[in-house]
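First up is the structure itself, then whatever we jot down about it.
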Number of protein chains: 2
Amino acid sequence: MSVEGNWLSPAERAAWVRLIAVLELLPGALDSQLRRDAGLTHFDYGVLAMLSEAPERTLRMTELAGYTNATLPRLSNVVKRLADRGLIERHTCPGDRRATNVRLTEAGHEKMVASAPGHVDAVREYVFDSLSPEQVDQLAEIAGTMLERLDPTGVKRPPLDPGSV
Amino acid sequence: MSVEGNWLSPAERAAWVRLIAVLELLPGALDSQLRRDAGLTHFDYGVLAMLSEAPERTLRMTELAGYTNATLPRLSNVVKRLADRGLIERHTCPGDRRATNVRLTEAGHEKMVASAPGHVDAVREYVFDSLSPEQVDQLAEIAGTMLERLDPTGVKRPPLDPGSV
DNA sequence: TAGAGTTAGTTCAAGCAACAACTATTGCGC
DNA sequence: GCGCAATAGTTGTTGCTTGAACTAACTCTA
């Protein structure tokens with residue numbers, strides 16, 4: 001590139017090219033597995049997973065958008081499609097009629113139960129099987145640090161209850 | 001989720017939810033900066049960067065697709081758009097008339113020189129500024145390990161010359 | 001209790017990506 | 001040499017994401 005100035009160091013560059021490649025390849029790999037085995041996008045799966053952990057299996061659109069790191073328009077379309085398939089329901093909130101509560105249906109819950117194991121296997125295969133326990137902790141630390149820059153307000157982090165995937 | 005079986009450990013789950021969030025947010029953040037400041041997608045930028053490091057600033061389509069982790073149809077469209085803007089040129093390879101050689105033009109090189117510093121700043125801001133040198137090495141190691149699972153043949157790794165971003 | 005401003009969500013147009021089908025060129029076997 | 005398979009790219013269709021309006025509902029203030 002021959003541009004002077006504050007360039008990346010060799011160590012940073014090595015980390016960067018690999019991170020970029022992971023960013024490009026991992027989402028596609030996860031999408032392929034879920035789409036093939038469950039007919040779901042990885043993002044769809046995340047929506048269902050968040051709902052399945054929420055109290056009453058219900059969340060408000062804005063809250064759900066925050067947890068899934070999505071914009072509201074994007075979530076709106078995804079939720080519409082999932083509702084058409086009967087996996088979730090939409091109810092206007094009685095208290096605030098601007099708001100919409102999204103609820104996981106029984107069919108949606110069964111879908112999760114059926115598709116989760118295969119997805120977990122894929123996550124293990126692509127990510128955790130080849131990492132040492134120390135590396136898992138390092139990854140959590142590093143990704144958490146990045147998140148504080150990417151989402152400084154921290155709005156977009158779920159309660160971190162149990163069992164997300 | 002209440003599904004028995006080989007679930008993720010708490011440590012793995014902590015790493016996973018953070019990694020997922022980074023996967024969702026970082027590409028968008030990089031895209032926004034480049035689109036706003038340079039009128040380029042992050043993928044566009046990667047294409048130009050790869051070309052700027054190649055000998056003669058020229059690469060074959062298939063080779064370039066490998067380096068940028070893209071499918072050939074996707075690259076074909078991107079290259080067409082970049083060529084329309086005068087940033088690259090396409091030449092049928094004299095030796096093998098099936099093949100297309102893509103070359104960075106002088107305008108394309110100037111575009112890189114103009115937009116690289118701002119992009120590097122963004123990369124620093126989102127990723128490296130808040131990581132220790134040890135974490136940078138750990139990240140390189142971890143991402144490299146994942147890549148071996150995601151791209152076992154290793155086809156998709158560039159020569160790792162100097163100055164990629 | 002109006003009116004201004006804010007919040008929640010949907011919809012619309014434009015652009016990009018994935019997958020499949022297609023063309024053109026090359027190389028190999030007989 | 002002739003024909004078949006493999007290689008290198010392109011094109012076209014469909015679906016999804018994004019960003020910008022737009023509607024509806026709520027709140028705060030005068």
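In the text below, chain A, chain B and the rest are named by the order of the sequence lines, each starting its count at 1. Computed from a predicted model, the values in this text were never measured in an experiment.
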request  = Using whole Å, report how far CZ of B:Arg60 lies from P of D:dG9.
outcome  = 6 Å

query = Just how far, in rounded Å, is C1' of C:dA14 from CZ of B:Arg81?
reply = 12 Å

inquiry  = Using a strict threshold of under 4.0 Å (side-chain N to carboxylate O), is an ion pair present between A:Arg74 and B:Glu24?
reply    = yes

message = When you compare the side chain of B:Arg149 with that of A:Glu125, does any pair of heavy atoms fall below 4.5 Å?
response = yes

ask   = Between D:dG9, C:dT10, D:dT17, which nucleotide has the shortest distance from any of its atoms to the side chain of A:Asn77?
value = D:dT17

Between C:dT6 (C1') and A:Leu72 (CG): distance, integer Å = 15 Å

query = Any side-chain heavy atom of B:Met61 sitting closer than 4.5 Å to one from B:Arg98?
reply = no

key: Most 5' of B:Pro73 and B:Val78 on DNA chain C, judged by nearest nucleotide   = B:Val78

task = Identify which nucleotide among D:dA8, D:dT18, D:dT10 has an atom closest to any side-chain atom of B:Thr62, counting heavy atoms from C-beta outward.
result = D:dA8

request  = Give the rounded distance in Å between these two atoms: CG of A:Leu64 and P of C:dT10.
outcome  = 11 Å

message = Quick check: do A:Arg85 and A:Leu40 have side-chain heavy atoms less than 4.5 Å from each other?
response = yes

request  = Indicate whether OP1 or OP2 belonging to C:dG9 is found under 4.0 Å from a side-chain N or O atom of A:Arg97.
outcome  = no

key: C:dA17 OP1/OP2 closer than 4.0 Å to side-chain N/O of B:Thr71   = no

key: Whole angstrom value for the distance that separates C1' of C:dA8 from NE2 of A:His91   = 18 Å

Nearest-angstrom distance from the residue atom CG of A:Asp84 to P of D:dC16 = 11 Å

ask   = Under 4.0 Å: is that the gap between some side-chain N or O of B:Ser76 and OP1 or OP2 of D:dT11?
value = no

query = Of the nucleotides D:dG19, D:dT11, C:dT25, which one has an atom closest to the side chain of B:Asp96?
reply = C:dT25

message = When you measure from the side-chain N and O atoms of A:Arg35 to the phosphate of C:dC19, is any distance below 4.0 Å, counting only OP1 and OP2?
response = no

Comparing B:Pro94 and B:Phe43 on DNA chain C - which has the more 5′ nearest nucleotide = B:Phe43

message = Just so I know, are the side chains of A:His119 and A:Met112 near enough to count as touching, which here means a heavy-atom distance under 4.5 Å?
response = no

query = Looking only at side-chain N and O atoms, does B:Lys80 come under 4.0 Å of OP1 or OP2 in D:dT11?
reply = yes

ask   = Is any side-chain N or O of A:Arg98 under 3.5 Å from a base N or O of C:dT7, one able to act as donor and the other as acceptor?
value = yes

request  = Round to the nearest Å and state the distance from A:Leu40 atom CG to D:dC16 atom P.
outcome  = 12 Å

request  = Kindly say if B:Arg74 contacts the phosphate of D:dG9, meaning a side-chain N or O under 4.0 Å from OP1 or OP2.
outcome  = no

inquiry  = What is the separation between atom CG on B:Leu25 and atom P on D:dT17, rounded to the nearest whole Å?
reply    = 15 Å

